[in-house]
Structure formats: structure tokens, C-alpha cells
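No hydrogens, no waters, no symmetry mates; every other heavy atom, side chains included, goes into these values. One-based numbering along the sequence shown. Ligands are counted one by one from 1 in listed order, and the atoms in each one are counted from 1 as well.
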Amino acid sequence: MIQLNNNELQQLTESISKSLFNKPFKHKAYFNNRLRTTGGRYLLKSHNIEINNKQYKFYGKEAVVEIIKHELCHYHLHLEGKGYQHRDKDFKSLSKLTGAPRYCTPIETYEERVNHIYKCNNCGKQFKRIRKVNIRKMVCGYCNGNLSESID
Ligand SMILES: [Zn+2]
Ligand SMILES: [Zn+2]
């Protein structure tokens with residue numbers, strides 16, 4: 001598991017915006033290591049999207065994709081002058097339509113959706129995933145050790 005860089009995050013955000021929202025993402029998406037409680041945030045002033053890089057480290061790409069979807073809901077609604085806050089009707093219907101999580105704290109919501117827990121045979125670190133992964137292909141992000149699925 002290799003950390004996504006900002007370039008790849010930018011491309012990922014642009015492609016999700018295009019395929020899911022049918023609109024271009026024309027601003028910047030980048031990792032911010034200092035985010036603590038949220039998986040990401042949309043900045044009203046710059047229109048940029050910041051993603052917590054712990055999200056990727058702990059939960060993988062699919063968790064980052066979930067946050068990007070959520071932040072893109074804020075982004076597109078805000079730019080179009082529609083209700084872009086969590087409580088707004090526009091926000092609720094767009095997040096439903098795109099399958100984006102409705103809240104900014106997907107670290108917690110992701111946790112609740114975890115179905116598979118993998119443990120590194122070498123260093124013992126745990127990895128949580130919503131979907132099953134191929135443990136013959138995926139290795140530990142910390143030490144490259146082999147993983148095995150564990151059940152709580
Ligand atoms: Zn939000
Ligand atoms: Zn390991």
C-alpha cells in the first residue's frame with residue numbers, strides 16, 4: 001500500500017467529479033496532515049478540498065473516495081449558490097443521489113461499516129475494510145508483511 005500523492009488525489013477528485021456529478025472540479029484537492037477530527041473539509045474561500053491522510057493510511061482508497069464524494073457535494077452546491085450545508089435539503093438530496101456519506105466525520109461512519117479486519121502477520125497492525133481484499137496481493141502498509149483476516 002503506497003500513500004497517494006497530491007497529484008493522484010487531484011486526479012481522483014477530478015474523475016469522481018466528472019463521473020458522478022457530471023461536472024468538472026476546477027480547484028485543488030490535497031492532503032492536510034493536520035486535520036484531526038474530520039476525514040476532509042471543503043474550504044469556502046478558496047474552494048479547495050483538503051483530505052485527511054490518516055484516512056488513506058488506515059482505511060485505504062475506498063474511504064478517501066467516500067470523503068471526496070462528500071466534499072464534492074459541498075463544493076458543487078456552494079458554487080451553484082444552493083444549500084451546501086449538512087442540514088440543507090439540496091445537500092441531503094445530492095448526497096443521496098451520489099451515494100456520498102452525509103456527514104463530515106466519515107472516520108466514524110466508516111468504522112461502523114467495516115466488515116473485514118486484517119492483521120499483519122509480521123508487525124500485528126490491523127487494517128479495516130468495508131469490502132474483502134485479496135490478501136495475496138495486499139501487504140502491510142507499515143512493514144510489507146503478509147496479512148491474514150481476523151475476526152473480532
Ligand atoms: Zn460536510
Ligand atoms: Zn506489518
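Rounded to 10 degrees, the NE2-metal-NE2 angle spanning His86 and His70 at the Zn ion (ligand 1) equals 100°.
Note on His74: its N/O/S atom closest to the Zn ion (ligand 1) is NE2.
For Phe25, the ring pair (Phe, Tyr, Trp, His ring centres under 6.0 Å) partners are Tyr75, not counting sequence neighbours.
Side-chain atoms of His116 never come within 3.5 Å of backbone atoms of Arg129 as a donor-acceptor pair (strictly under, hydrogens ignored). With hydrogens and angles ignored, the 3.5 Å screen pairs no side-chain donor or acceptor of Glu50 with any backbone N or O of Gly40. Using a distance-only test at 3.5 Å, with no hydrogens or angles considered, a donor-acceptor pair links the side chain of Tyr118 to the main chain of Val133. Asp88 contributes no side-chain N or O that, together with a main-chain N or O of Asp90, makes up a donor-acceptor pair within less than 3.5 Å. Side chain of His70 to backbone of Ala100: no donor-acceptor contact under 3.5 angstrom is found. A side-chain donor-acceptor contact under 3.5 Å links Asn6 to the backbone of Phe31.
Counting only distances under 2.8 Å, and ignoring water, the protein N, O or S atoms around the Zn ion (ligand 2) are Cys120 SG, Cys123 SG, Cys140 SG, Cys143 SG.
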